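In this text the structure is predicted, and so the values were computed from the model without any measurement. In what follows, chains carry the letters A, B, and so on, assigned in the order in which the sequence lines appear, proteins first and then strands, with residues in each chain numbered from 1.
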Amino acid sequence: MSYPEMLSPAGSRVFTLGNVAIARASLEYGVGVAAGYPGTPSSEIIEALGYAARKLGYPYVEWSVNEKVAFEVAYGAAMAGVPSIVTMKHVGLNVAADPLFSSAYTGVESSLLVVSADDPSMWSSQNEQDNRIYGLHAYVPVFEPAGAQEVREATLEALRFSEEHKHPVILRTVTRVSHTRALYTFGELRGPRMEGRFQRDPSRWALVPAHARRRREELVKKWELFSHHLSSSALNAAEGPEGSELLVVGAGIGFRYAREALSRLGLLGKVRLLKLTTTVPLPRELIASELERKEKVFVVEEGEPVVEDQLKLLSFDLGMRPLIMGKRSGHVKLTGELRLDAVAEGIASALGLSSLPREVRKPSLSPPPRPPTLCPGCPYRGVFYSLRKVASKMKLKLIYSGDIGCYSLGINPPLSSQDIIVEMGGSLGVGAGLTRAVKDAVVVATIGDSTFYHAGMPGLVNAAFNGAPMLVLVLDNGTTAMTGHQPNPATGHNLRGEARRIPIEEIARAAGASSVRVVNSFEMEELDKVVAEALTDARGGKLSVLVARGACILEAVAEARESKIQRPLYYVEQDRCRACTICYNLFACPAILSSQDGKAKIDPSLCTGCGVCVDVCPFDAILPRGEVEESWRRLLSGG
Amino acid sequence: MDSLNVVVAGVGGQGVLTLAKVIGEAAIASGRGALVAETHGLSQRGGSVVVHVRIGEVEAPLVPEGEGDLLISTELLEALRYASFLRREGEVVSDALVLKPYGFKGDLKAYQLAEELRRLGLRVHLVNAAGMAEPLGDVRAANMILLGYSVARTALGEFLDAREVEGVIGRGRGAEVNLKAFRLGLSMRAEG
C-alpha cells in the first residue's frame with residue numbers, strides 16, 4: 001500500500017483514514033522509533049509510517065513479531081530519550097501487558113505512545129475488550145480522540161503529555177476512529193529525533209523489589225498530578241449553559257454521537273455538553289466544576305462504562321449526588337458499538353422525553369448470509385481438504401485446535417476444520433491440553449506463519465519439552481495475509497526490505513519436534529502422502545510438525561501480473577465430468593460452479609489458476625488451457 | 001437538504017471501499033464535509049461489505065437504520081441486506097447482478113429482489129453495471145458506472161460536482177477505464 005499523503009506539505013488539506021492521521025501526527029511530532037504488530041483496526045499506522053520511512057529515510061519503523069516485543073522496542077528507545085510509538089489492536093495489549101505495567105513504574109525519557117485500536121462490535125476480533133481499563137490498572141493515562149476528526153490533535157497532545165511527564169500514554173481508538181476517513185489539515189514535519197542516550201540508573205530501570213517499591217510510591221503520586229494537569233488540557237472542552245441541570249459527557253468518539261443526538265432532540269445549546277478526550281484518569285478539577293449544580297449526568301462512551309464509573313466514584317468523593325446515567329442504567333447498551341439513533345433514544349428516555357419517530361423497514365425476504373471465505377486459489381483449501389480426506393481414510397477422529405488468521409475461515413462447511421479459535425497462538429497450548437484429556441482422537445493444531453512466530457513458538461517448545469502427541473500443522477503462506485500482507489520472518493524480507501528469512505521447519509527441528517516435514521500446499525498427491533505420514537506419527541504418540549508451504553494466492557496473482565508471468569486458466573471437460581459434485585461441494589472452491597445438470601463449470605473471472613482442482617477431480621475432467629508455466633508453479637510454491 | 005446519508009454495499013473484492021472513498025473525496029472537493037466509515041479485515045475476503053458515507057456537516061460516522069437517503073450496491077442481494085438503512089422513499093442504485101453466496105441452493109432472481117426492495121417503499125434503480133464494465137476491460141469498473149449513474153439520477157448529484165468526481169478518479173489507479181465507466185454511468189437511463 002502506498003500513503004503519499006504522509007509526505008504532503010504543511011497546510012495540505014487531506015481526506016484520509018484516522019490511522020493515517022495518527023501516523024502523520026507522529027511524523028510531524030518527530031517520533032524516532034515506531035513498532036507494531038498487525039491487527040485490525042490498527043495496521044495502517046505502521047504501514048503509513050513504513051511508507052514514509054522508505055521515502056524519507058526516517059523514522060525507524062518495524063513490524064515486530066508480536067505486540068510484546070513491539071512494545072519493548074518502542075519502550076527501550078524511549079528509555080534512551082527517543083520519542084516512540086507502538087501500535088496494536090486491542091487484544092494485542094494483552095500480549096504486551098507485562099511491559100505496559102513496568103513502563104509506568106520506570107517511566108521513560110521521552111514520549112512513549114501506546115496506540116490501542118479497540119474493536120467494539122467485533123468486526124474483526126474475538127472480543128470487545130475496552131483497553132481504557134488497562135490505563136486504570138497500569139496507571140497509564142488514556143487519550144481518546146473525539147472521533148476521526150480529532151485524531152491528529154489528540155495524537156500530538158498525547159505525545160507531548162507523555163514527553164512532558166516522562167510517562168507512557170495510551171491513545172485509544174476504536175474501529176470508527178481508525179477506519180473512518182475525515183478531513184485533516186496537516187502540520188509541518190519537524191524531522192525525527194532518532195538519537196538518544198541511555199542514562200544508567202538501576203534504581204529506576206531495574207525493577208527489583210526494593211526499587212519497584214519506591215517507584216510504586218512515586219507512581220501513585222504521579223497519578224494525582226496527572227489528574228490535575230489533565231484538567232487544563234485544551235482537548236477537553238465544554239459548551240452550552242453552565243447553569244443547566246443536565247450535563248452530557250461525550251467521551252472520545254462518544255462526543256460525536258452525543259452532540260449530534262442532542263442536536264436532533266433540539267437540546268444542543270440548551271444543556272451542558274462536555275467533550276472529554278482525556279478519559280483516564282478523570283481530570284478531577286474540571287469534573288468537579290462541571291458537576292456543580294447538576295441534577296443529572298448522562299455519559300456517552302464507546303465500550304465499558306469506564307468514564308461513567310469513574311464519575312460515580314469522583315462525585316461520591318466530592319460529596320455530590322447527581323443521578324449519573326449511561327450504560328449501567330441501561331440507557332445505552334453495554335454490547336456493540338454506539339449508534340446515533342440508540343444514543344438519541346437513550347438520552348430522550350433518561351430525560352423522560354418522547355423519543356424521535358423512527359421507521360425501520362426490514363424486507364420480508366432475508367438474503368442468505370455471505371460470510372467471508374477462503375479465496376479461490378487459497379493454499380489452505382487444499383491442505384484442509386487433504387487433511388479431512390486422509391483422516392477419513394485412516395479412520396481417525398480429529399480435533400482441530402485452530403488459531404487466528406485467514407485459516408480461521410476454514411471454520412465454515414464443508415471444510416469445517418477449525419473446532420476451536422480462542423487467541424493468537426492458542427492452537428498449540430490448547431491442543432497440548434486436549435491431548436492430556438482426550439484419548440480417542442488425534443489433535444491437529446493449525447497455525448499460520450505469522451501467528452507461529454507471534455505466540456506459537458513457546459507452545460511448540462512446551463509441546464516438545466513435555467511431549468504432547470499431536471500434529472502441528474503450520475500453514476505457511478509467507479505473509480500476514482488477513483491484515484493486508486505485512487512481512488514476517490517467513491516472508492523473506494522485513495518492513496525495511498532487508499532480506500531475512502527464519503524458516504519454521506528449522507525452528508521446529510531446533511525445538512525438538514519428533515518429526516518435521518515440509519510440503520507444497522499446491523501439490524495434492526504429495527500433500528495426501530505427507531499428511532498421512534504426519535498423522536501416523538501423531539497417532540503414534542509423537543509431536544509431529546508439518547509445514548505446508550504455498551504462496552498467498554492474492555500475492556502470487558499480483559506478482560504474476562507484475563512479472564508478466566502467464567497464469568493458466570482451467571476448464572471442465574464436460575464429456576469427462578460425471579457430476580460427482582466433489583469439486584464444488586467438498587473441495588468448495590468459489591470459482592467452481594454447478595451447471596443445471598450437476599456438472600461442474602469454472603468461472604474464468606474467479607479462477608486464479610492454482611490448479612489444485614485438477615488433482616481433486618477423480619475423473620481427470622479438469623484441465624488447463626495450454627501449458628502451465630514453470631515460473632507460475634515456482635511462484636505458487638512460495639519457496 | 002444539508003446532509004446526505006449514503007450506504008455503499010457489495011461483496012468483498014468488488015471495489016466497494018474504493019467507491020466509498022471516491023464519493024468522500026469528491027464531496028470534499030465539491031466543498032462539502034464528509035466522513036467515510038469503512039470495515040476492513042475479516043469483513044472482506046468475499047464476504048459482505050458495507051461502508052457508511054455521510055456528506056455534509058455531520059458529527060457521527062455511522063448512518064442510522066431507517067435514515068439513509070441513498071444505497072449504492074454492486075450486488076443485489078447485498079442491496080437487500082442493507083435496505084433497512086434507508087428511509088421511506090430512499091433510493092437504491094444497484095447492479096442487477098446476483099451473486100449467490102457459497103452453499104446457497106435456492107434461486108433468487110433479480111426481479112424478485114428488486115420487487116422486494118420496492119415493497120419497502122424504496123425507489124429502485126437497477127443498472128447492468130458489471131455487464132457494461134466488461135467490454136471496458138475491467139469488470140470491477142462497474143462501481144464507477146454505478147457512481148456515475150447515482151450522480152446523474154439521484155440526490156447525490158446535488159452534493160457532488162461531476163467534474164470534481166472526475167478529478168478524483170483521474171488521480172487514482174486505473175484512471176482511464178474508471179473515467180470511461182463513470183462517464184458511461186453519467187449518461188445512462190434506468191433499466192427498471
Side-chain angles (χ1 to χ4, degrees), chain A residues 13 15 17 39-41 43-44 123-125 147-149 175-177 179-183 253 255-261 263 337-344 358-376 406 408-409 412-414 482-484 588 590 605, chain B residues 11-13 20-21 24-25 27-29 33-48 52-53 58-67 75-81 83-88 99-104 106 108 112-113 115-117 119-122 134 139:
Chain A
R13 280 159 45 89
F15 188 70
L17 283 179
T40 310
S43 311
E44 296 80 6
W123 296 107
S124 202
S125 306
Q149 298 96 315
T175 299
R176 303 309 183 177
V177 170
H179 281 169
T180 292
R181 287 176 194 275
L183 184 64
I253 192 173
F255 168 73
R256 299 293 164 186
Y257 292 103
R259 195 164 192 279
E260 199 168 336
S263 165
E337 64 187 349
L338 293 174
R339 296 189 349 245
L340 183 53
D341 49 298
V343 170
R358 215 166 70 88
E359 192 190 3
V360 176
R361 288 171 314 281
K362 305 256 183 203
S364 53
L365 184 68
S366 57
R370 193 192 301 276
T373 53
L374 295 173
C375 302
C406 281
S408 300
L409 300 176
N412 294 319
M482 179 60 88
T483 49
S605 72
Chain B
V11 178
K21 180 176 169 227
E25 287 181 5
I28 297 289
L35 290 174
V36 176
E38 304 177 353
T39 38
H40 297 197
L42 200 58
S43 41
Q44 298 174 322
R45 304 278 175 264
S48 165
H52 298 244
V53 182
V58 295
E59 302 263 354
L62 300 181
V63 176
E65 270 199 314
E67 298 185 28
E75 197 270 349
L76 203 43
L77 280 172
E78 296 309 314
L80 190 62
R81 194 182 314 282
S84 63
F85 276 103
L86 290 180
R87 61 174 167 79
R88 181 178 289 279
L99 296 175
K100 281 200 240 168
Y102 183 79
F104 176 70
L108 287 169
Q112 291 173 296
L113 299 171
E115 197 45 49
E116 186 66 28
L117 289 167
R119 252 202 300 278
L120 295 172
L122 305 172
E134 217 170 339
V139 68

Trainee: So what's closer than 4.5 Å to chain A heavy atoms on B:V58: side chain, backbone, both or neither?
Mentor: both

Trainee: Is it the backbone or the side chain of B:E65 that comes under 4.5 Å from a heavy atom of chain A, or both, or neither?
Mentor: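 Its backbone and side chain both get close to chain A.
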
Trainee: Examine whether an atom of A:P41 lies under 4.5 Å from a heavy atom of chain B, and if so say whether it belongs to the side chain, the backbone or both; otherwise answer neither.
Mentor: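 For A:P41, neither part sits under 4.5 Å from chain B.
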
Trainee: Please examine the side chains of A:S364 and B:E116, heavy atoms only from C-beta on, and report whether any two atoms are closer than 4.5 Å.
Mentor: yes

Trainee: Answer with side chain, backbone, both or neither: which region of B:E75 has an atom nearer than 4.5 Å to a non-hydrogen atom of chain A?
Mentor: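 For B:E75, the side chain is the part near chain A, not the backbone.
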
Trainee: What is the minimum heavy-atom distance between A:T180 and B:P61, and which atoms define it?
Mentor: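 For A:T180 versus B:P61, the nearest heavy atoms are OG1-CB, 3.9 Å.
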
Trainee: Heavy-atom pairs under 4.5 Å with chain A are the metric here; pick the option from B:S84, B:A29, B:G121 that has the most.
Mentor: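 That would be B:S84.
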
Trainee: Between the side chain of A:E260 and the main-chain N/O of B:E59, is any donor-acceptor distance below 3.5 Å?
Mentor: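 Yes, because the side chain of A:E260 sits within donor-acceptor range (under 3.5 Å) of the backbone of B:E59.
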
Trainee: If you count heavy-atom pairs under 4.5 Å with chain B, which of A:I253, A:V360, A:L374, A:L365 comes out on top?
Mentor: A:L365

Trainee: Minimum heavy-atom separation for A:P369 to B:P101, with atom names?
Mentor: O-CB, 3.4 Å

Trainee: Chain B heavy atoms under 4.5 Å from A:P414: which part of the residue, side chain, backbone, both or neither?
Mentor: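 Contact with chain B involves the side chain of A:P414 alone.
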
Trainee: Testing the basics here: between A:R361 and B:L120, what is the closest heavy-atom pair and its distance to 0.1 Å?
Mentor: NE-O, 2.8 Å

Trainee: Working to the nearest 0.5 angstrom, can you tell me the gap between A:R370 CZ and B:L77 CG?
Mentor: 5.5 Å

Trainee: I'd like to verify something: which residue of B:L62, B:V53, B:L76 has the highest number of heavy-atom pairs under 4.5 Å with chain A?
Mentor: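 Among the listed options, the one with the most contacts to chain A is B:L62.
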
Trainee: Chain B heavy atoms under 4.5 Å from A:A588: which part of the residue, side chain, backbone, both or neither?
Mentor: both

Trainee: Heavy-atom pairs under 4.5 Å with chain A: which of B:A83, B:G106, B:A37 has the most?
Mentor: B:A37

Trainee: Looking at side-chain heavy atoms only, is the closest gap between A:R339 and B:V63 below 4.5 Å?
Mentor: no

Trainee: Under the criterion side chain to side chain contact (heavy atoms under 4.5 Å, CB included), which of B:E67, B:R88, B:R87 is the partner of A:E359?
Mentor: B:R88

Trainee: Mind listing the closest non-hydrogen atom pair of A:L183 and B:I28 along with its distance?
Mentor: CD1-CG2, 3.8 Å

Trainee: Where does B:L113 contact chain A at under 4.5 Å (heavy atoms): side chain, backbone, both or neither?
Mentor: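 It is the side chain, since no backbone atom gets that close.
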
Trainee: Can you check whether A:P413 reaches B:Y102 side chain to side chain, under 4.5 Å on heavy atoms?
Mentor: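 In short, these two side chains do not touch, never coming nearer than 4.5 Å.
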
Trainee: Could you state the interatomic distance from CZ (A:R176) to OG1 (B:T39), rounded to the nearest 0.5 Å?
Mentor: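 Reported to 0.5 Å precision, the distance equals 6.0 Å.
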
Trainee: Provide the closest heavy-atom pair for A:A182 versus B:L35 in the form atom of the first, atom of the second, distance.
Mentor: CB-CD2, 3.7 Å

Trainee: Which pair of non-hydrogen atoms, one from B:A34 and one from A:F15, has the smallest distance, and what is that distance?
Mentor: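 Minimum heavy-atom separation between B:A34 and A:F15: O-CE1, 3.4 Å.
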
Trainee: Take B:V36 and A:H179 through the side-chain contact (heavy atoms from CB on, under 4.5 Å) test and state the conclusion after the steps.
Mentor: CA-CA 8 Å; B:V36 176; A:H179 281 169; over 6 Å; no

Trainee: Chain A heavy atoms under 4.5 Å from B:L86: which part of the residue, side chain, backbone, both or neither?
Mentor: backbone

Trainee: Does CD in B:Q112 sit with more than 12 non-hydrogen atoms of other residues, nucleotides or ligands closer than 6.0 Å?
Mentor: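 Counting neighbours around CD of B:Q112, more than 12 heavy atoms of other residues, nucleotides or ligands fall under 6.0 Å, so yes.
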
Trainee: Measuring heavy-atom distances to chain B, does A:L338 have an atom under 4.5 Å in its side chain, in its backbone, in both, or in neither?
Mentor: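 Backbone of A:L338 only, per the 4.5 Å heavy-atom cut-off to chain B.
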
Trainee: From A:L17 CG over to B:E38 CD, what is the distance, rounded to the nearest 0.5 angstrom?
Mentor: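 With rounding to 0.5 Å, CG (A:L17) is 5.0 Å from CD (B:E38).
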
